[in-house]
Each structure stands twice: as C-alpha cells, then as structure tokens.
Amino acid sequence: MDIFVNLTIAGLATGMMYYLLSSGLSLIYGLMGVLNFAHGSVFMYGCYAGVYTFSKTGNFALGIIAAVVVGAIVGWVMERVVISKVYGQHLAQMLLTTGLMLLLNELIKIPFGSNILPAFQPESLQSSWQVGEVVIVKYRVFLIVLGLIVAVILNAIMSKTKLGMTVRAGVQNPEMVQVLGINIKKVFSFVFLLGSALSALGGALMAPALGAVNPEIGLMYQMTGFMVVVIGGMGSLTGTLLSALLVGLASSYTAYVYPDAATAVIVIVMIVVLLIKPSGLFGKGAE
Amino acid sequence: MPDKLILKVKDMETHIGQYHILQGVNLEVPEGHVTVLIGRNGAGKTTTLRSIIGLTPPSKGSVEFNGQMIHGLPPYTIALKGMALVPEDQGIFSTLTVEENFKIAMQKEDKVTLERKDWILDVFPDLKPKLKQKAGGLSGGQKQMLSIGRSLVNDNKLLLIDEPSKGLAPIMVETLANAIKQIKSHTTVVLVEQNFWLASAVGERYYIIDDGQTVHEGVMEDLIKDKVLQQRYLGIGTKE
Ligand SMILES: Nc1ncnc2c1ncn2[C@@H]1O[C@H](COP(=O)(O)OP(=O)(O)OP(=O)(O)O)[C@@H](O)[C@H]1O
Ligand SMILES: [Mg+2]
C-alpha cells in the first residue's frame, strides 16, 4: 500500500513536469500546425539554466526564474528568426526545427561539456514526511503543487481572457480568426514564447528530481512531449494535462515492476488511446 | 447620379497552388445595395470572395475597397478596414459559446458595438436564449444566423456572404431573406447564392461567374426575365 502511494505521488510529480513540457508543444501545433522538434532542447536549456544558477547563487527560486527567462528568450529568437519564415511549410518546419535541436544540443556543450551535470534539490525540500507507513518526498509534493498552480493559471487565461478565447478559436479555425480582424501570427508568437518558457520551467524543476542532466535529455523529452500531446489531443490543454498525468503514472508504476519498460509503456498507452480515439483524448477531430 | 462604388475588382486572377482558378474577375459593387454572384458549382464564386478578403491573395489585378487598394494585404488588415466574410462553412467556433463567438469578433466593446449586438439579437431572436451555450450545439440555421450576426457586430462597410441557404430548410431560407433585407440598410452586401429564389428576393444587381471569369452583369429583374441566360449559366429553367 505504501509503495502504491509513493509510486502514485512520484507519477503525479513527473506527470506535472510532462504537462509543463507539453502544453506549449500542443498549443503551438494546434494554432499553426507547427511541429517543433526543438521544444525538448528548450526543456534541456531550462535544466541547465536552473541547475547552473542554483549552483552559483545558492538560490533555488532564482534558478527557476533564470530558466523561465532563458526559455522565453530561446523560444522568442527561434520563432522570430526561423519559424516565422516558414509558416505553412510543414516539411521546412520539421527540417529546420530538427536542425535547431541539433544546434542547441551542440551549443550547450561549449560551456558545460557533454558529461553529466549533477542537479540538487534545495535543502528545504530535501527531506520527507512520514505519514504512518508512507514516506512522502517533499520535493515531489512541491512539483505537484507548482504544476497545479500553473495549470490553474493557464486554465484561467484560456477560459477568461480574450487572448485565451482567441487561442481556443484559433486552434479550431485559424483562418476565421484572421477574417475577424485578429493578427493570428502575433498571437502565435506570444504562445510560442509562453510555451517555451513553460518547457524550460519544467526542465528546471525536473532536473533535481533526476539528480543529474546531460545534453541528450533534450531529445528524450522531445519524444515524451510529442507522445503526451498526441495522447491528449493536439491543441487541448485539458487533454494535455490528463495525458501528462496518465503517462506519468503509467511509467511510474511500470518502472517499479519492470524498469526497462518505463518508456515502452508510454508508447503502449499512446497506441491504445489512438486506436480508440484517433484524434487523442481531447482532439479537435472529436465533435 | 450613380451610387458610390464601395468595391471595385479589376481583372483579378488567383492561383491556388499550380491551379489557375480565377482568370479575370471584374466587379463593381455600389454602396448600400445587395449584389449577387451566381454561377455553377466550381465556377469560382467562393474563391472570388476569399481573394477579395485576402485569404487566397490574387496573383494579378486589383481590388479597391472604399477608395483604397487592398490586394496583397493580409486578411486581418482588410477585415479591420471594414470588411467581413460569412464563409461557406459558416466558420463558427463550436467550442466557444455563442456569446464568445460574438465577443471574439468585436473590435471594440464600446456602447455602439453593444447596441449593434442588441440589434443583431433582435434580427435573430433565436440566438438570445442560447448565448451561454456552446455554439457547436446550435442547429444548422442558428449557426448560419450566428455567423451572419457575428459579421455584423463591427461597423463594417461591406459584408461578403457565401451561400447562406446551403442545407437550410425552406422556412429558414425565408427568415434569411428577411434578415438580409434588414442588414442592407446598414451594410453593403455581396451575396453568393445558388438558390435562385433567395438571390432574386434580395438581389438588386447580379454578376454571373463562369470558369473563373465574370461573364455577365446587370440588374436582377432582367435576369429573372431572361430564361436563356439562366439556363445557359445556371442550369435552371430546364425543368418546370
Ligand atoms: N484549395 C484548392 N485547391 C485546388 N483547387 C481548388 C481549391 N479551392 C478551389 N479549387 C477549385 O477551384 C474551382 C472554384 O472553386 P470555388 O470553391 O471557388 O467554386 P464555387 O463557385 O464556390 O463552387 P460551389 O458552388 O461548389 O461552392 C473549383 O474547380 C475547385 O475545384
Ligand atoms: Mg463555393
């Protein structure tokens, strides 16, 4: 029983990080049909920015802020310099963002090398709570709470503001949004920046849970991010949240029983969901 | 004295991919009237409207709207100059509520705009009780009213409507005809319509588009009398 509770908390914590990683990916695709293969690299830059800043300043919050800023800047430059030039050209987008991923993965090695960089949790979150038989790791609870806060804020933006309304409408019919007098490219640029910042935030928070980071992490999380988005349904934040938690839990339980299958189980979840509902849990093809 | 022209399309040509879809469209739309575009399936009526508002930008020719050249501008800029489109598929945001569909269209939320919205809800009273519901749940006719209503919420000078009668029951088509007659007093309308009854009920001037070109124009009453023209370009009048 205590094992089950622990695995559940671990799975939810990882799931929340998957949510931060994937929400931007989902909106970017939903709005403009852009498959961003460099999104995982932004996550990885978030890891490094957070870990490095924390190690230099001893201030964990500062590390998180640094990661968000780095993510926003990298995302903004990427969108302005590369992606905005190839709107509507899917093959060019795929090739260019893949190129960007390779470039970003190499660039990070210049200051940090290709070896692993250890990542620490802040002292105040290192301990655990003992509740009866169950040991609850504080850092995981911290991740869940923070993830929930972000989810609530994003949800409020999407449902209450005109920007959110525009994004929801744009995911469904970008052409019509334009015809109503809205410059959808501007909306998209902002969403891209926001999505990149969230991905980097996820990276900075995830790194201490992993214990160490390396440049290859970008590619690994890129694949996970895509799978989460596909399972949840492109363009739906609610779908992304559910899917991220589902994937986090599934891999957490599997990792306990059979560690080698922790990634394979995500693929299995994806196949099962797509067989039942090809557009994903909350995909737009589903009316 | 001739009316002021709100829209003047000259020798417009449009390519979509490698296809040469429009090959010379000429239109002169007088302010304050309903101009109808008719023509067979696939003649290029939809592409004409989409080219005017910039969704499929013309590759040749010119589009003058309210005294300004607008061809080559992005659709949102053209829309902000006072043009609106009610597309063939209605373009309703089904995941948004009816109210949100209005809200996203509003360029301003000032008193005049809100008054205009009240007026729209008087023209389409069916929408009133549905404001808080998801637009996806509306009936086909209600969706069409929402689409037209939404396009009226700003102070537009020109409204392009693409086959609004498509898939509607005859009683709804009558409602639509009345609505367009009311709209006419506020906004100039260019209406693509295959339903000849609706076209003749509201249209004042007509253009016939065939094979991507405007081939005929005139006053609606003349077309109503001209069975030969109707049969040649519209395929009507064969039965009866
Ligand atoms: N995206 C596209 N790619 C290729 N051909 C297209 C595209 N859009 C339209 N066409 C072609 O252009 C021609 C004109 O199409 P358009 O939709 O403008 O006709 P229409 O007069 O509106 O027809 P309908 O009465 O069926 O609505 C058709 O032959 C159509 O097949
Ligand atoms: Mg058409």
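Note that this is a predicted model, so its numbers are computed, not measured. We name chains A, B, ... by the order of the sequence lines, and we start the count at 1 in each one.
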Engineer: Between B:Phe93 and A:Arg168, is the side chain to side chain contact (heavy atoms under 4.5 Å, CB included) condition met? List the steps.
Structural biologist: CA-CA 8 Å; B:Phe93 304 116; A:Arg168 278 184 289 141; over 6 Å; no
Engineer: Within a reach of under 6.0 Å around NZ of A:Lys85, are more than 12 heavy atoms found that belong to other residues, nucleotides or ligands?
Structural biologist: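 It does: A:Lys85 NZ has more than 12 such atoms within range.
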Engineer: B:Tyr76 pairs by side-chain contact (heavy atoms from CB on, under 4.5 Å) with which of A:Val177, A:Asn183, A:Val179, A:Ile184?
Structural biologist: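 Of A:Val177, A:Asn183, A:Val179, A:Ile184, side-chain contact (heavy atoms from CB on, under 4.5 Å) with B:Tyr76 is met by A:Asn183 alone.
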Engineer: Check the surroundings of atom NZ in A:Lys186: do more than 12 heavy atoms from other residues, nucleotides or ligands lie under 6.0 Å from it?
Structural biologist: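 No, the 6.0 Å shell around NZ holds no more than 12 heavy atoms from other groups.
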Engineer: About how many Å separate OG1 of B:Thr77 and CD of A:Gln178, when rounded to the nearest 0.5 Å?
Structural biologist: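 Reported value, rounded in 0.5 Å steps: 8.5 Å.
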Engineer: Heavy-atom cut-off 4.5 Å, strictly under: side chain, backbone, both or neither for A:Ser236 against chain B?
Structural biologist: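 Contact with chain B: none, neither part.
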Engineer: Applying side chain to side chain contact (heavy atoms under 4.5 Å, CB included), run through A:Leu180 and B:Arg150 and close with a yes or a no.
Structural biologist: CA-CA 9 Å; A:Leu180 294 176; B:Arg150 186 179 64 178; 4.2 Å; yes
Engineer: Quick one: CD1 on A:Ile182 to CD on B:Gln107, what's the gap to the nearest 0.5 Å?
Structural biologist: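 Reported value, rounded in 0.5 Å steps: 8.5 Å.
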Engineer: Using a cut-off of 6.0 Å, state whether more than 12 heavy atoms not belonging to B:Lys184 lie near its atom NZ.
Structural biologist: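 Atom NZ in B:Lys184 is packed in, count exceeds 12.
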Engineer: I need the residue from B:Ile78, B:Ile104, B:Ile53 with the largest number of non-hydrogen atom pairs under 4.5 Å to chain A.
Structural biologist: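 Highest number of heavy-atom pairs under 4.5 Å: B:Ile104.
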Engineer: Check whether B:Pro74 gets within reach of chain A through its side chain, its backbone, both or neither, counting any heavy atom under 4.5 Å.
Structural biologist: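 Nothing of B:Pro74, per the 4.5 Å heavy-atom cut-off to chain A.
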Engineer: Where is the tightest heavy-atom contact between B:Leu85 and A:Met176, given as atom of each residue plus distance?
Structural biologist: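 Shortest heavy-atom separation between B:Leu85 and A:Met176 comes out as O-CE, 3.6 Å.
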Engineer: Please check: side-chain N/O of A:Glu175 versus main-chain N/O of B:Leu55, any donor-acceptor pairing under 3.5 Å?
Structural biologist: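 Not at all, since once roles are kept as given, no pair shorter than 3.5 Å links the two residues.
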Engineer: How about CH2 on A:Trp76, more than 12 heavy atoms from neighbouring residues, nucleotides or ligands closer than 6.0 Å, or not?
Structural biologist: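 Count not over threshold, so no.
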